[in-house]
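The block underneath contains the structure these notes are about, expressed in structure tokens.
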Amino acid sequence: MISATTVRSVVRAALLPLAMACAYALPLSAQVPSASAPALAMADNYAAMAKGFNAVAWNPAMLGMPDRPRFSIGLLPVRGGVGIGPITMGDVAEYQSRFLDDAVKEEWLRRIIANGGEKGSASGDLTYLAMSAGRIGFQLSTMSQLSANLSPDAAELLLFGNAERTTGEDFDLGNSRIQGMVTTTAAATFAQTIPMRLLLPVAEQHVSVGVTVKYTVGNALILGRNTGSTVSNTGGDIDVSFPVIQSDSAASARTIDRGRGIGVDVGAAWRGGPLTISATVRNLYNSFAWDTAGFVYRPGTVRFDGTSGDAQIDMESYANAPSELKHAVQGATYARQFSVGGAWRVNEKLLVAGDVRQHLGAGVPTGPRSHFGVATEYRPIRALTMRGGIALITGGYQLGGGAGIDVGPMSVSASVGQRRGAFGADNMAAFGLSFGDR
């Protein structure tokens with residue numbers, strides 16, 4: 001008979017990779033990420049404010065507005081975020097060199113149950129080049145995202161084992177899952193001014209439309225989920241099934257091309273006096289799909305009957321993967337998104353903006369599925385800009401703040417933000433250095 005201690009060790013070993021993904025999610029977000037630190041400072045309420053190279057990610061039609069810069073360039077703007085919840089990295093760090101007693105475990109588990117699981121997410125966006133020249137823009141970026149969820153029962157197994165806390169029903173690993181993807185996209189934008197006026201009592205009006213064409217290459221994918229795992233509460237039986245599909249990382253199979261496709265965004269913008277209105281449909285058309293020829297499958301099974309057992313975690317052919325997981329790979333594409341934004345220039349120093357966004361249909365959302373927010377930009381002096389914003393998003397909120405300094409054609413911006421949503425709380429930061437006439 002295998003001892004309870006051995007059983008607990010095997011269970012924890014089987015679940016540890018998923019727990020590590022929640023706690024230490026590597027930077028694995030949008031198909032064309034925002035190359036703008038000011039956008040993060042304004043909690044991503046930026047659709048009617050994007051100028052120059054920022055219009056590529058936000059609304060191509062903004063390059064047709066009369067105040068567009070003749071030329072702008074962003075040099076390696078970066079943006080990243082990572083967070084887990086409800087047990088945060090701060091909670092874990094506090095007990096890194098201390099004994100984790102049962103009272104603390106109980107408190108953590110209570111919070112995890114109330115939250116529906118321990119959830120983690122991470123993202124990292126790097127833009128190699130973003131630039132605009134008049135009504136034309138270009139951006140080359142790599143985007144990555146990772147999300148993971150550890151069910152309440154799985155968290156209890158990690159904290160207490162299968163025979164240390166309670167007796168009763170068996171443990172069900174529920175909706176434990178992990179998904180991460182890395183893609184690289186080249187995007188080209190063109191805008192055209194339209195000679196028309198709306199029937200509004202505004203003397204000066206400007207209308208433009210724009211299109212962004214994107215070519216995306218999939219660099220890496222990992223996707224795994226629980227498929228009916230159970231663990232006996234009384235110590236003997238273990239039946240863990242957590243299959244994983246991933247891009248093959250073997251040296252002979254390394255490549256940055258794991259899939260490809262073309263996408264199209266369209267936008268329109270109108271300005272009348274101090275008011276600007278922006279409307280965008282991202283991924284109006286998108287043919288991106290993963291090429292599974294370079295993928296492998298890990299069964300991820302651990303089984304014990306109290307006296308003997310086995311584990312299957314070695315790589316196998318993708319063809320052996322369950323159909324449910326293959327279907328999930330087919331769905332790991334980009335969702336369509338509709339966005340409307342507005343900006344009101346109150347005076348020379350103060351501007352107020354707001355955005356509403358909604359993802360539509362299937363696919364991986366590029367950010368929260370819904371967004372409704374407001375933001376302000378204030379210039380106490382010509383060279384200094386202060387920004388802040390708030391938004392209600394799917395399952396929570398987003399906050400942002402930051403500042404920028406303008407010296408001649410050069411602008412340096414930094415921002416921080418926090419987002420609490422469906423996958424816990426993310427702490428985000430962005431930095432950007434750009435050049436262009438204003």
Side-chain angles (χ1 to χ4, degrees), residues 33-59 62-63 65-81 125-127 129-134 137 139 141 204 206 269 271-278 341-355 371 373-391 397-419 426-438:
S34 170
S36 171
L40 178 60
M42 301 182 72
D44 288 331
N45 299 297
Y46 207 66
M49 295 185 60
K51 296 181 181 180
F53 62 81
N54 289 311
V56 178
W58 286 95
N59 182 357
M62 294 299 290
L63 283 176
M65 288 287 98
D67 61 346
R68 65 179 181 270
R70 288 173 295 176
F71 176 80
S72 69
I73 184 169
L75 300 179
L76 294 176
V78 295
R79 174 170 173 170
D125 303 333
L126 172 61
T127 296
L129 176 65
M131 62 178 294
S132 71
Q139 184 171 331
S141 305
E204 184 181 357
H206 303 275
R271 176 168 299 164
L275 177 64
T276 301
I277 302 294
S278 162
W344 180 269
R345 172 66 63 181
V346 179
N347 53 47
E348 291 184 358
K349 294 186 176 182
L350 179 64
L351 182 145
V352 179
D355 276 23
H371 174 111
V374 294
T376 61
E377 181 181 86
Y378 180 67
R379 287 181 176 266
I381 59 175
R382 184 176 179 83
L384 175 65
T385 305
M386 303 174 65
R387 305 177 178 96
I390 184 172
Y397 63 85
Q398 180 174 339
L399 302 173
I405 298 176
D406 300 329
V407 180
M410 183 180 71
S411 179
V412 180
S413 299
S415 57
V416 294
Q418 184 181 76
R419 181 171 60 194
D426 294 349
N427 295 310
M428 302 174 290
F431 176 82
L433 172 63
S434 62
F435 296 85
D437 59 324
R438 286 183 291 276

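Keep in mind the model is a prediction, meaning the values are calculated, not measured. Quick note: numbers below take in every heavy atom, side chains included, and nothing from hydrogens, waters or symmetry partners. When a residue number appears, it is its place in the shown sequence, counting from 1.
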Between the main-chain N or O of Gly432 and the side-chain N or O of Ser413, is there a donor-acceptor pair closer than 3.5 Å? no
Note, Leu399 side chain near Tyr397 side chain (heavy atom, < 4.5 Å): yes
Side chains of His206 and Met65 in contact at under 4.5 Å (non-hydrogen atoms): yes
Ser132 and Leu63 have their tightest heavy-atom pair at CB-CD2, 4.0 Å
Look at the side chain of Thr276 and the backbone N and O of Ala48, then say whether any donor-acceptor pair between them is shorter than 3.5 Å. no
Could you check whether any side-chain heavy atom of Tyr46 comes within less than 4.5 Å of a side-chain heavy atom of Ser34, counting everything from C-beta outward? no
How about Ile405: does its CD1 atom have over 12 heavy atoms from other parts shown lying under 6.0 Å from it? no
Is there a side-chain contact between Ile73 and Leu129, using heavy atoms and a 4.5 Å cut-off? yes
Are the side chains of Asp406 and Arg382 in contact, using a 4.5 Å heavy-atom criterion? no
Any side-chain heavy atom of Ser415 within less than 4.5 Å of one from Arg387? no
For Asp355 and Gly341, indicate whether the former's side chain and the latter's backbone hold a donor-acceptor pair under 3.5 Å. no
Starting from the C-alpha separation in whole Å, work towards a yes-or-no answer on salt bridge (charged side-chain N to carboxylate O under 4.0 Å, His left out) for Asp44 and Arg419. CA-CA 11 Å; Asp44 288 331; Arg419 181 171 60 194; 5.1 Å; no
Hey, is the main chain of Arg79 close enough, under 3.5 Å, to the side chain of Asp125 for a donor-acceptor pair? no
